[in-house]
Amino acid sequence: MRIREARPDDAPGVVALRAAVYPYLVRGVESTRKMIAEPVPGRDWAAFVAEVDAQTVGWVTAQRNASTSTAGFGDISLLHVHPEHRRRGIGTALLTTATGHLAPLGVHRLRAFAQPEALPFASQHGYEPSRELRFSALDLNPAPALPDPAPGVRLRPIAEIDPHRLYTADVVAALDEPGDVPVDSIGYENWLYDVWDNLGLDKEASTAVEVDGEVAAFSLVKRDGDRMWSDFTGSVPAYRGRGLARLAKTAALHRAAANGVRVAYTSNDEANAPMLAINARLGYRPVAAEWSCLAELT
């Protein structure tokens, strides 16, 4: 077993591994390759793989969380090991490597995510469960019925929207997202990297709802082949209570289905009752759950 920093040419193996462990996540080879080759700026992001006989059997990323005002907060993300290679110390080695990357960066509070069966592993390493994240899937054959927009309401693909206008709406909509820390420090350059310039972003399916010329709600679609991920659906607080988030998501699903997407996936914090209700009305079915887990780095 060997732990090393990830290289761009690891992308196919990383995606294959992810599909084996997280079949409900959507991120393609090219967007994974770019993520490794051109790490997000300003977060000290790093990725590590575990190899056995030159095969990728484990993966983890680590970064300072630059989207929150909470000081010293870091994320260890998607730590996973192929089912056939578990209980051999690979997960522990990956976690140790990721933690060692963050330790010199002033990070003192760590968050990782664990599937229910991995909670004992998390606990053994000092991580306590915090919040439940629910994953859901929707068959898009057929897509949900799309209602007609009300007068003064316009549906537009985000390809037609100035990215800074969408960023402004995204930042405001995210302020009260439930989570372990507030999402209140999203810089424009980081947003461009994470959202607008992501190779998986489908700017024709992703939909903005304009009300009297203002971006009031939106639903973002990241796609890989005939699978899509609803990256974030939100509405600006001043326009809530009018069904605009549901309208945006329904339109995005319709556009994605018309262009060959057959199944849609999404995730929500268990406390996000409004979005869970929207997904239930659209016909999403639960497929998995994970827990955010928190630990102190001493």
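By convention here, the first residue in the shown sequence is residue 1. Basis for what follows: all heavy atoms, side chains included, without hydrogens, waters or symmetry-related copies.
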- Task: Say whether S267 and R134, considering side chains only, have a donor N or O and an acceptor N or O under 3.5 Å apart.
- Result: no
- Query: Hey, is the main chain of R227 close enough, under 3.5 Å, to the side chain of D224 for a donor-acceptor pair?
  - Reply: no
- Over 60° means perpendicular and under 30° means parallel, so classify the ring planes of Y22 and Y24, tilted if in between. perpendicular
- Above 12 or not: heavy atoms from other molecules or residues under 6.0 Å from CD of E5? no
- Are V29 and W229 connected in the hydrophobic side-chain network, where two residues link if heavy atoms are under 4.5 Å apart? no
- Task: Taking all non-hydrogen atoms of both residues into account, name the closest pair between A50 and I90 and its distance.
- Result: CB-CG2, 3.5 Å
- Item | N-O pairing of E204 and R223 below 4.0 Å | no
- Task: State, with a plain yes or no, whether a side-chain heavy atom of D202 is found less than 4.5 Å away from one of K222.
- Result: no
- Message: Taking D212 first and then R154, would you say they form a salt bridge - that is, a charged N and a carboxylate O separated by under 4.0 Å?
- Response: no
- Task: Please report the shortest heavy-atom distance between Q63 and W45, naming the atom on each side.
- Result: OE1-CD1, 3.4 Å
- Message: Working note: T266 + F135, criterion side-chain contact (heavy atoms from CB on, under 4.5 Å); need CA distance, chi angles, decisive distance, verdict.
- Response: CA-CA 6 Å; T266 194; F135 292 83; over 6 Å; no
- Query: Between S69 and S185, what is the shortest heavy-atom contact and its length?
  - Reply: N-OG, 3.4 Å
- Before accepting this row, confirm whether a basic side-chain N of the pair D53/R2 lies closer than 4.0 Å to the acidic partner's carboxylate O. no
- Item | ILVMFWY network linking L175 to V236, side-chain heavy atoms under 4.5 angstrom | no
- Count the heavy atoms of every other residue, nucleotide or ligand shown that sit under 6.0 Å from CG of D162, and state whether that count exceeds 12. yes
- Task: Mind checking the CH2-OG spacing from W59 to S77? Nearest 0.5 Å is all I need.
- Result: 10.5 Å
- Task: Apply side-chain contact (heavy atoms from CB on, under 4.5 Å) to the pair K203 and W196, showing each step before the final yes or no.
- Result: CA-CA 8 Å; K203 294 178 182 176; W196 193 258; 3.2 Å; yes
- Message: Under the criterion side-chain contact (heavy atoms from CB on, under 4.5 Å), I'd like the reasoning laid out for E210 against R165: C-alpha separation, chi angles, the key distance, then a yes or no.
- Response: CA-CA 11 Å; E210 287 188 334; R165 294 180 61 219; 3.1 Å; yes
- Message: Within the 3.5 Å criterion, strictly below it, is a donor on N279 or S136 matched to an acceptor on the partner's side chain?
- Response: no
- Approximate separation, where rounding is to 0.5 Å, of S206 OG and L201 CG: 4.5 Å
- Message: Within the structure provided, determine whether R156 and I161 are in side-chain contact (heavy-atom separation under 4.5 Å).
- Response: yes
- Message: Let me confirm one number: the CG-CG distance from L244 to L155, rounded to the nearest 0.5 Å.
- Response: 9.5 Å
- Item | Cationic N near anionic O, under 4.0 Å, R4 to D10 | yes
- Message: Please enumerate all residues that pass side-chain hydrogen bond (donor to acceptor under 3.5 Å, both in side chains) together with T70, with sequence neighbours excluded.
- Response: T68
- List the atom of S292, the atom of F113, and the distance in Å for their closest heavy-atom pair. CB-CE2, 3.5 Å
- At their closest point, which heavy atom of T250 faces which heavy atom of A145, and how far apart are they? CG2-O, 3.4 Å
- Query: Would D194 and R43 count as a salt bridge (charged side-chain N to carboxylate O under 4.0 Å, His left out) if you check the C-alpha gap in whole Å, the side-chain angles of each, and the deciding distance to 0.1 Å?
  - Reply: CA-CA 12 Å; D194 283 337; R43 298 185 194 173; 2.4 Å; yes
- Task: Please answer whether the main-chain N or O of D44 pairs with a side-chain N or O of H101 as donor and acceptor at a distance below 3.5 Å.
- Result: yes
- Query: Under 4.5 Å between any side-chain heavy atoms of H80 and R18, yes or no?
  - Reply: yes
- Sub-4.5 Å side-chain heavy-atom contact between W291 and Q115: no
- Query: Roughly how far apart are H125 NE2 and L79 CG, rounded to 0.5 Å?
  - Reply: 9.0 Å
- Message: Distance check, rounded to the nearest 0.5 Å: D231 atom CG versus F218 atom CZ?
- Response: 9.5 Å
- Kindly work out whether a path of hydrophobic side-chain contacts (I/L/V/M/F/W/Y, heavy atoms less than 4.5 Å apart) joins I76 to F48. yes
- Is it true that a side-chain atom of S123 and a backbone atom of L119 form a donor plus acceptor pair closer than 3.5 Å? no
- Message: Less than 6.0 angstrom separating the ring centers of Y167 and W191, yes or no?
- Response: yes
- Work out which heavy atom in V287 is nearest to a heavy atom in A137; give both atom names and the distance. CG1-CB, 3.7 Å
- Relative to Y284, does K249 satisfy both conditions: NZ or CZ under 6.0 angstrom from the six-membered ring centre, and within 45 degrees of the ring's axis? yes
- Query: Is L140 close to M228 at the side-chain level, that is, under 4.5 Å between some pair of heavy atoms?
  - Reply: yes
- Do L25 and L78 come close enough that some side-chain heavy atom pair is under 4.5 Å? yes
- Query: Passes side-chain contact (heavy atoms from CB on, under 4.5 Å), V263 versus N141? Steps please.
  - Reply: CA-CA 8 Å; V263 60; N141 187 24; over 6 Å; no
- Side-chain heavy-atom pair T168, V215 within 4.5 angstrom cut-off: no
- Item | Minimum side-chain heavy-atom gap E84-V57 below 4.5 Å | no
- Within one Ile-Leu-Val-Met-Phe-Trp-Tyr cluster: L199 and V14, side-chain cutoff 4.5 Å: no
- For the atom pair CZ (R131) and CG (D269), what is the distance rounded to the nearest 0.5 Å? 4.0 Å
- Message: Does Y127 form a ring-ring contact (aromatic ring centres under 6.0 Å, His included) with F121? I'd like the steps, not just the answer.
- Response: CA-CA 9 Å; Y127 285 81; F121 172 87; 8.7 Å; no
- Task: Using modelled atom types only, decide if a donor and an acceptor are shared between the side chain of R86 and the backbone of V81 within a distance under 3.5 Å.
- Result: yes
- Query: Would L105 end up clustered with V40 when hydrophobic side chains under 4.5 Å apart are linked, directly or stepwise?
  - Reply: no
- Message: Tell me whether S31 contacts the main-chain N or O of R27 through its side chain, where contact means a donor paired with an acceptor under 3.5 Å.
- Response: no
